[in-house]
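First the structure, in the form of structure tokens, and then the observations on it.
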Amino acid sequence: MTAFILVPGMFTGTHIWQDTAARLTAAGAEVHTVALTGLDGPRTATRAAVDLETHIADVLAVVDSVGADEDRRIVLVGHDYGIHPAVGAADRRAERVQRIVHLDSGLVRDGVPALAAVPDQSLRERLAGTAGTAGTARTGGADQAQGLLPPPALDEWRDWGSTAGVSDAALDRLTALAAPQPLGTLLQPLRLTGAVDQVPTTGVLCTGNGTSIELIQMLVRLGDPALRPLTDPRVTFFELPTGHWPMLSCPGELTDVLLRAAAGEGHRLEPVDDAAGPGHLRPFLMDVPEVPRERHGNVDLYLPAAEEPRPAVVFVHGGPVPADARPTPRDWPALTGYARCVAEDGAVGVLLDHRLHDLGDYERAAEDVAAAVELARADPRVDGDRIALWFFSGGGLIAADWLDAPPAWLRCLAATYPVLAPLPNWGLSGTRLRPARAVANAGGLPVVLTRVGRETPELAATVEEFLAAAEDCGADVEVIDVPHGHHGFETIDVTDASRTAVRHAVRTVLDHTFGARTRAGTKSRTGTGTR
């Protein structure tokens, strides 16, 4: 018999599992729901003293209460924050746990507190400042002054995850039964021995909340080392087409997935091809001659063979990119390839490393981009009145500032497989960085958008949202399609169609940037290189 142990997430208690537990029981499974101290039962003043270790102990008590029958298989299910005490308990009872199910929850790491998974960056920063102050928060509000994070109001749940599929009645009940979250549960680092690494895992991804198997596979293919363990054959995945609360929105479908996960079923990711290397570090799809490069702090200039000031194209990489990633983005082959292309065609190519290391870093990354633009414009070899900005992937959100109030010297804005609206689980619902909204103020600014046909549905939806908004306001947008291209196609899909798309995009951006001025003294080579 399979014994499911269901651990709830932030602000919630055992009540959220009611329907799912009943269905699992009807299917013949043994089911236990964990009442986390301070979130279930009497609400007393001692809640402020509760920390992550308290909740790990709660889960351990349930694990230990399950009989040690050799035929009884324990499956630990952690939703949202609940994955932290679930994994903490499994690390100490690894021999008893057959599988851990991450239910729309992130990866956990030794030494990292659950606070890192809180979607709201401003809240993370405020709460991080309370660590080491005896559990006393200085963020305002009576509950927070007692070391408690108040639960969301009825209209605030979407800030903690998509509520897609949850009925009004269920949302009302979720709000009525919600409890303040003890801050110690978020601030105390998770401590693991490594024993849990041997326990098979399953990720259940809720696509309505912004994550899918295809998206994770794409990140693995692009070489994110933190995701490499997910290609272990003991790791499986399922998707549910709903928001962050599947136990409320689709308990029947969730029950089926949990039963299949317990049986070891699910999708397995394709491992990284070590021989070929990470996708983003493979060679650029065209042979482009080397040009002079100068490094100025976090900014590189690729210089054309010209005596007079030339227009510049500033390339903005995507992310988030871990701060310790090497090489850094300005040395990635695709970006250096683009920079050399425009330099060969007579413009200055500008690459920078910006500080988008986490989803909460968009504001400082935007500042880095603005500073790089000003550095380039101030260089005497640059015609500061003829600048183009070119955004890639997750860097696309930063384009909002330039679309919302384009300066006169900005002659073109380009975006390649961009993210043009925050995904639901990014915790950025209140950000101004929403290109799909900002395009209404773009006026006559030319926009060149390269769209890949094999984009993940979640990211493709942000592009379509942007294009619909652009059409409504009559914005000047040219779309260059790569029908069979993937995200990062310049180093992954080395085809004639891909080369044609790159050449077309470079020529179009430079035509807008040079404008009426000719490219005297240069020879266009973007159409000659092949590999």
More than 12 heavy atoms of other residues, nucleotides or ligands under 6.0 Å from [atom1] of [X]: yes or no?
| X | atom1 | answer |
| --- | --- | --- |
| Arg437 | CZ | no |
| His296 | NE2 | yes |
| Asp472 | CG | yes |
| Arg109 | CZ | no |

Hey, could you give me the [atom1]/[atom2] distance between [X] and [Y], rounded to the nearest 0.5 Å?
| X | Y | atom1 | atom2 | value |
| --- | --- | --- | --- | --- |
| Arg268 | Thr231 | CZ | OG1 | 12.0 Å |
| Leu397 | Phe391 | CG | CZ | 10.5 Å |
| Leu240 | Leu205 | CG | CG | 8.5 Å |
| Thr211 | Phe237 | OG1 | CZ | 10.5 Å |
| Glu458 | Asn425 | CD | CG | 9.5 Å |
| Asp19 | Ile16 | CG | CD1 | 11.0 Å |

Check: [X] side chain, [Y] main-chain N or O, donor-acceptor pair, under 3.5 Å:
| X | Y | value |
| --- | --- | --- |
| Arg282 | Thr491 | no |
| Arg411 | Asp385 | yes |
| Asp481 | Pro483 | no |
| His357 | Val321 | yes |

Is there a side-chain contact between [X] and [Y], using heavy atoms and a 4.5 Å cut-off?
| X | Y | answer |
| --- | --- | --- |
| Leu449 | Leu467 | yes |
| Val204 | Val77 | no |
| His79 | Leu6 | no |
| Val288 | Glu344 | yes |
| Phe315 | Val342 | yes |
| Thr202 | Ile100 | no |
| Val166 | Leu174 | no |
| Val439 | Leu420 | no |

Quick check on side-chain contact (heavy atoms from CB on, under 4.5 Å): which of Ile387, Val291, Asp379, Leu303 does Val348 satisfy it with?
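For Val348, the side-chain contact (heavy atoms from CB on, under 4.5 Å) test succeeds with only one of Ile387, Val291, Asp379, Leu303, which is Leu303.
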
Between [X] and [Y], is any side-chain donor less than 3.5 angstrom from a side-chain acceptor?
| X | Y | value |
| --- | --- | --- |
| His487 | Ser393 | yes |
| Trp245 | Thr163 | no |
| Asp80 | His244 | yes |
| Asp353 | Asn298 | no |
| His504 | Glu478 | yes |
| Ser212 | Thr207 | no |

Heavy-atom closest pair, residues [X] and [Y]:
| X | Y | result |
| --- | --- | --- |
| Leu186 | Tyr81 | CD2-CD1, 4.2 Å |
| Ser498 | Val482 | OG-CG1, 4.2 Å |
| Pro435 | Leu403 | CB-CD1, 3.9 Å |
| Met10 | Val118 | SD-CG2, 4.5 Å |
| Leu285 | Asp493 | CD2-O, 4.1 Å |
| Pro424 | Gly208 | CG-O, 3.5 Å |

Parallel, tilted or perpendicular, judged at 30° and 60°: which one describes the rings of His317 and Trp332?
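It falls in the tilted class, 30° to 60°.
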
Counterpart residues, side-chain hydrogen bond (donor to acceptor under 3.5 Å, both in side chains), relative to Trp157 (two or more places apart):
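side-chain hydrogen bond (donor to acceptor under 3.5 Å, both in side chains) check on Trp157 returns Thr175.
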
Please name all residues satisfying side-chain hydrogen bond (donor to acceptor under 3.5 Å, both in side chains) with Thr462, sequence neighbours left out, ordered by chain then number.
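Counting only residues at least two positions away or on another chain, Thr462 forms no side-chain hydrogen bond (donor to acceptor under 3.5 Å, both in side chains).
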
Taking the ring centre of each residue, are Tyr338 and Phe284 less than 6.0 Å apart?
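For Tyr338 and Phe284, the ring centres are under 6.0 Å apart.
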
Walk me through it: do Glu214 and Arg454 pass the test side chain to side chain contact (heavy atoms under 4.5 Å, CB included)?
CA-CA 10 Å; Glu214 187 176 352; Arg454 294 184 178 178; 5.6 Å; no

Contact list for residues 460-470, test salt bridge (charged side-chain N to carboxylate O under 4.0 Å, His left out), sequence neighbours left out:
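Those involving residues 460-470 are Arg451-Glu464.
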
Pairs touching residues 247-260 that satisfy side-chain hydrogen bond (donor to acceptor under 3.5 Å, both in side chains), sequence neighbours left out
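Non-adjacent pairs meeting side-chain hydrogen bond (donor to acceptor under 3.5 Å, both in side chains): Thr242-Ser249, Arg260-Glu265.
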
Just do the side chain to side chain contact (heavy atoms under 4.5 Å, CB included) check on Leu459 and Met218 with the steps written out, would you?
CA-CA 11 Å; Leu459 302 188; Met218 180 193 77; 4.1 Å; yes

Looking at Asp368 and Arg355, does any basic side-chain N land under 4.0 Å from a carboxylate oxygen?
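Looking at Asp368 and Arg355, the cut-off is met.
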
List for me each residue that meets salt bridge (charged side-chain N to carboxylate O under 4.0 Å, His left out) alongside Glu374, sequence neighbours excluded, and say none if there are none.
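Expected list: Arg377.
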
Test log, rule side chain to side chain contact (heavy atoms under 4.5 Å, CB included), inputs Leu107 and Leu227
CA-CA 9 Å; Leu107 296 174; Leu227 300 182; 3.8 Å; yes

Do Arg234 and Arg99 pass the side chain to side chain contact (heavy atoms under 4.5 Å, CB included) test, and can you show the C-alpha distance, the side-chain angles, and the key distance before you say yes or no?
CA-CA 9 Å; Arg234 295 172 299 176; Arg99 183 169 293 272; 5.8 Å; no

Going by the rule side chain to side chain contact (heavy atoms under 4.5 Å, CB included), which residues pair with His512 if we only count those two or more places apart in sequence or in a different chain?
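So His512 forms a side chain to side chain contact (heavy atoms under 4.5 Å, CB included) with Cys412, Pro446, Val448, Thr508.
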
